[in-house]
Amino acid sequence: MLQLTYLKCKTSYEIDFFRVSENIIELQGDFPIKSSGFTLSRPNQNDVWDYSDFKTIYRTLENGVQFSNDESVYIETEPTPELPNIPFEPYKPTPEELEAQFQQSKTNKIELSKSMLTKFLENNPIHSTAHNSIEGVYSVTNEKQTLMVSQYMTYQIEKTINPDAKLTWNETGKSCEEWAETEFLQLILEIKSYVYPLVSYQQKLEENILQCTTQEELDQIVINYSSITATRVD
């Protein structure tokens, strides 16, 4: 029994998993059928086995569904009594196909680690007292970091022609306020100290994924950004 979690969803469902062929898998159990891709893990584990490319509903079953990763769908055909009843033989992929599938699995897991980092940064802003010594909540997404650097560089250029230039920034959910340059630089350094260990963790994950030589090794790599303690600058 495994845990099924659709991408961009938090609810998990207990399912039985079967691989029908290289491009078709079968899930059985009591769960909604969605065409969004999914991950699998063992109960109470953070395996995060990636099946994000299995989005096409190949065939709906009485107690489950079959998904394909090549947009193929099952076509019902009329039985042909004249033909002999040939026993079903599972598809056996070639070594080249298995290697290509393994390399794609590594690529998918790297992309999953990046998307999970982006989501973690979105959901875990920094708390800082850099501005007026009052604690505020500030976004640390890549977009906000880039905007902060751009804002500071623009301010430096404007100061050369306008001594009264103002440096502004905003707390999450609030409008912009004027900041002292030292306050702004303090926040930049705090965000860097907060984000750097998380980015380093993702880079190390990517190295470990690329070094895997078997699917078993790849499946054992757990992606868990909550386990990383970021050191903040006071």
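Index from 1, following the sequence. Keep in mind that what you see is a predicted model, and the values were worked out from it rather than measured.
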Checking Tyr225 side chain against Ser113 main chain: does a donor-acceptor pair fall under 3.5 Å? yes
Quick check: is Met116 connected to Phe38 through a chain of hydrophobic side chains (ILVMFWY, heavy atoms under 4.5 Å apart)? no
Report yes if some heavy atom in the side chain of Ser115 is under 4.5 Å from a heavy atom in the side chain of Thr118; otherwise report no. no
Single hit among Gln211, Gln215, Glu217 for side chain to side chain donor-acceptor pair (under 3.5 Å) with Thr213: Glu217
Answer with yes or no whether the hydrophobic clustering places Phe120 together with Val199; edges join I, L, V, M, F, W, Y residues whose side-chain heavy atoms lie under 4.5 Å apart. yes
Close side-chain approach of Gln66 and Val20, heavy atoms under 4.5 Å: yes
Which heavy-atom pair separates Glu22 from Phe54 by the least distance, and what is that distance? O-CZ, 4.1 Å
Less than 4.5 Å apart, any side-chain heavy atom of Asp30 and any of Tyr13? no
Glu97 atom CD, over 12 foreign heavy atoms within 6.0 Å: yes
More than 12 heavy atoms of other groups within 6.0 Å of Glu216 CD: no
If you round to the nearest 0.5 Å, how far is CZ of Phe18 from CD1 of Ile24? 15.0 Å
Check: Gly37 main-chain N/O paired with Ser52 side-chain donor or acceptor under 3.5 Å: no
What pair of heavy atoms forms the shortest contact from Glu190 to Ser128, and how long is it? OE1-OG, 2.6 Å
I need the Leu187 CG to Ile126 CD1 distance, nearest 0.5 Å. 6.5 Å
So which atom in Glu183 and which in Asn132 form the shortest heavy-atom distance, rounded to 0.1 Å? OE2-N, 3.0 Å
Kindly indicate, with the supporting measurements, whether the criterion side-chain contact (heavy atoms from CB on, under 4.5 Å) is fulfilled by Asn124 and Val140. CA-CA 8 Å; Asn124 294 273; Val140 293; 6.0 Å; no
Going through the checks in order, is the side-chain contact (heavy atoms from CB on, under 4.5 Å) test met by Lys10 and Thr5? CA-CA 7 Å; Lys10 296 181 179 180; Thr5 305; over 6 Å; no
With distance as the sole test, does Thr160 use its side chain to make a donor-acceptor pair with the main-chain N or O of Gln156 at under 3.5 Å? no
Do the side-chain N and O atoms of Asn23 and Ser21 include a donor-acceptor pair separated by under 3.5 angstrom? no
Would Val137 and Leu147 show up in the same hydrophobic cluster when neighbours are defined by side-chain heavy atoms closer than 4.5 Å? no
Over all atoms of both residues, closest heavy-atom pair of Tyr152 and Glu181: OH-OE2, 2.5 Å
Go through the side-chain N and O atoms of Thr94 and Glu99 and say whether any donor and acceptor fall under 3.5 Å apart. no
Give a yes or no on whether Met153 atom CE has more than 12 heavy-atom contacts from other residues, nucleotides or ligands under 6.0 Å away. no
Quick check: do Ile188 and Lys192 have side-chain heavy atoms less than 4.5 Å from each other? no
Under 4.5 Å between any side-chain heavy atoms of Met1 and Asp16, yes or no? yes
Write down the atom of Lys106, the atom of Cys212, and the distance for their closest heavy-atom approach. NZ-O, 3.3 Å
Evaluate the ring-ring contact (aromatic ring centres under 6.0 Å, His included) criterion for residues Tyr6 and Phe31: first the C-alpha distance (whole Å), next the side-chain angles of each, then the deciding distance (0.1 Å), finally the verdict. CA-CA 10 Å; Tyr6 286 109; Phe31 60 94; 7.0 Å; no
Using the ring of each side chain (for Trp, its six-membered ring), is Trp179 parallel, tilted or perpendicular to Phe184, with breaks at 30° and 60°? perpendicular
Check: Lys55 side chain, Ser36 main-chain N or O, donor-acceptor pair, under 3.5 Å: no
Lys/Arg N to Asp/Glu carboxylate O, Lys119 vs Glu122, below 4.0 Å: no
Side-chain heavy-atom pair Ile221, Val48 within 4.5 angstrom cut-off: no
Tell me, do Ile191 and Met148 make a side-chain contact under 4.5 Å, heavy atoms counted? yes
Taking the cut-offs as 6.0 angstrom to the six-membered ring centre and 45 degrees off its axis, would you call Lys144 and Trp169 a cation-pi pair? yes
Between CG on residue Leu27 and OH on residue Tyr51, distance to nearest 0.5 Å: 9.0 Å
Identify whether Phe17 and Leu7 are in the same connected component of the hydrophobic contact network (ILVMFWY, side-chain heavy atoms under 4.5 Å). no
Could you check whether any side-chain heavy atom of Glu14 comes within less than 4.5 Å of a side-chain heavy atom of Leu2, counting everything from C-beta outward? no
Determine, using the 4.5 Å side-chain heavy-atom cutoff (strictly less than), whether Ile25 and Leu61 are members of one ILVMFWY cluster. no
Separation between CG (Asn142) and NZ (Lys114), nearest 0.5 Å, reads 11.5 Å
Kindly check if the number of other-residue, nucleotide or ligand heavy atoms within 6.0 Å of NZ (Lys159) is above 12? yes
Using a 3.5 Å distance criterion without hydrogens, assess whether the side chain of Thr56 forms a donor-acceptor pair with backbone atoms of Tyr58. no
Take Tyr74 and Ile57 through the side-chain contact (heavy atoms from CB on, under 4.5 Å) test and state the conclusion after the steps. CA-CA 9 Å; Tyr74 177 79; Ile57 299 175; over 6 Å; no
Which heavy atom of Ala180 sits nearest to which heavy atom of Leu167, and what is that distance? O-CD2, 4.4 Å
Is there a donor-acceptor pair under 3.5 Å between the side chain of Ser150 and the backbone N or O of Thr146? no
Kindly compute the distance separating NE2 (His131) from CG (Asn170), expressed to the nearest 0.5 Å. 10.0 Å
Quick one: pull up OG1 in Thr129 and CD1 in Ile134 and give me the separation to the nearest 0.5 Å. 10.0 Å
